[in-house]
2 protein chains.
Amino acid sequence: MTDLDTISWRGIHLELLRRINERIWPPGSLIPNEADLAAEFGCARTTVNRAMRELAEAGLVDRKRRAGTRVALHPISRVVIDIPIIRLEVEQRNAEWSYGLLSQDMQPAPARITSRLGLERDTAMLHVTSMHFADNHPLLHEDRWINPAAVPGVEEMDFAAVSANEWLIQNAPYTGGDIAFSALNADSKLAELLEADDGAAVFVVDRITWDGQVPVTAVRLSYAPGYRMNTRV
Amino acid sequence: MTDLDTISWRGIHLELLRRINERIWPPGSLIPNEADLAAEFGCARTTVNRAMRELAEAGLVDRKRRAGTRVALHPISRVVIDIPIIRLEVEQRNAEWSYGLLSQDMQPAPARITSRLGLERDTAMLHVTSMHFADNHPLLHEDRWINPAAVPGVEEMDFAAVSANEWLIQNAPYTGGDIAFSALNADSKLAELLEADDGAAVFVVDRITWDGQVPVTAVRLSYAPGYRMNTRV
DNA sequence: ATCGCTATTATGTATGCACATATTAATCTG
DNA sequence: CAGATTAATATGTGCATACATAATAGCGAT
């Protein structure tokens, strides 16, 4: 019998974690069912279920209805990254955020944008480019295309006063999106904006979002050399 | 009253999502409490709680005990990235995975490793470098330091036969880790290994893991140019 | 007016029960 | 014996209830 000081689902969760980590239940093995565990821990099945569900969401166990619960054979590590508004990310590091609009105009979007968003070729979209600074050093370049059909009133906005990044998050709800992280060499124009050397390696985030079926925006964030996106497991 | 075809927590979850998305409950506003919502939906408070908890975990609402639930003012997007074993990642794309060991030896770890892991200067660690290929094209370079004190038997392993990436995941449990994503210019040696140009922008994953208080491994994965890490929101 | 106690309120968690659902094992039937 | 039907089983979900816990509001005493 196990001494769980607190008989809560958290306690049980930890105990199950321990048994998996210490290979008491090795990868691939079958875990006792919820009813048995509930009996062992002296709690309701609901409580065990809660603990187990947490393990399943973390990818540590696989559950199937009549087959039971097994320790995952290939424990993937599931990394959670929180992407806040850029201003907040900067301010959280106690740096001073500032921002500058580079360009803002309606124009036919290039094919690489329209095709990814599933829009007609040469659809007129709002193109906004800008820079974000942390303590007056260039932090990132934002290159954004906005579907005016999805965001009423966006054509009248002046993104010199408020960043598109922030305004859209507040004013253009979305239901889903794709994100891709990659590395690119800065071309001379980008290098100059980021005050970096030509060809410097730049961390790039490409993101497109939709609201239901309607594409909202496609954006590329190019971070100044040295930027690291951190997280914990 | 709302027509929820299925009175399940998922249905309620969707309905709450809709009200947030459509600004029926604008950012910052207070949401009715669980009991009231349960009455509205004609279900038990438990069920509403389940739906609300999901929203809270996604960062869409903030909940405080006596204060109630508010729609998050700065909706962060919470991205979940699954990092599988490299072999599986390759095979999932229907590519043929192959692997080559470059070096494997015990040596005093450099300060940048020991300091990040909280180990004594010049601690002897197992240094393993290798390459992973997809369809015989270089995919990534793996540069790994392993704490032999944390992984008994690792000194006798031959990582020519099985990749350290895979062996460790199967044999060295961990309880936590740090991950950082960044972009770096390939030096000439790395460029040659990746069959890329000198200075090419390389997507880099730095990861350290520990088991309890004991550091297990520090690894840098440098991906060949063009690699993108994708996910959805 | 300030400090400290108490009541109130909304969420957090646990329980016992019931039924739903996916999956597998066993059994029946031609 | 093959194929279809049925039973058994573990997880998934919902409900009513109860109590725990955090945070606030209000009250009272000094």
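Below, chain A is the first sequence line, B the second, and so on; all start at residue 1.
Using a 4.0 Å cut-off, no side-chain N or O of B:T46 falls inside it from OP1 or OP2 of D:dT13. Distances shorter than 4.0 Å separate some side-chain N or O of B:S8 from OP1 or OP2 on D:dG14.
Rounding to the nearest 0.5 Å places CZ of A:R18 at 13.5 Å from OG1 of B:T175.
B:R220 is linked by a side chain to side chain donor-acceptor pair (under 3.5 Å) to B:D206, counting only residues two or more places apart in sequence or in another chain.
Using a 3.5 Å distance cut-off with no hydrogens or angles, the side chains of A:T217 and A:R207 do not pair a donor with an acceptor.
The nearest heavy atom of DNA chain D to B:C43 and to A:R45 marks one nucleotide each, and the one closer to the 5' end goes with A:R45.
By the 30° and 60° cut-offs, the orientation of the rings of B:F203 relative to A:F203 is parallel. Classification of the A:Y227-A:Y223 ring pair by plane angle, with boundaries at 30° and 60°, yields parallel.
Applying the 6.0 Å contact sphere to CZ of B:R93 captures more than 12 heavy atoms from other residues, nucleotides or ligands.
Stacking of B:R228 on the aromatic ring of B:F181 is not recorded, the 6.0 Å distance cut-off and the 45° axial limit not both being met.
Here B:F159 and B:W167 bring their ring centres to under 6.0 angstrom of each other.
Rounded to whole Å, the distance from CD on B:E34 to P on D:dT17 is 17 Å. Rounding to whole angstrom units, CZ of residue B:R50 and P of D:dC15 are separated by 13 Å. B:N49 has its CG atom 17 Å from the P atom of D:dT21, to the nearest Å. In this structure, B:N33 atom CG and D:dA22 atom C1' are separated by 16 Å, rounded to whole Å.
Non-hydrogen atoms lying under 4.0 Å from DNA chain D are contributed by B:R65, B:R66, all within residues 51-73 of chain B.
In summary, contact between chain B and DNA chain C, defined as any nucleotide atom under 4.0 Å from a heavy atom of the protein, begins and ends at C:dT8 to C:dT13 in the 5' to 3' direction.
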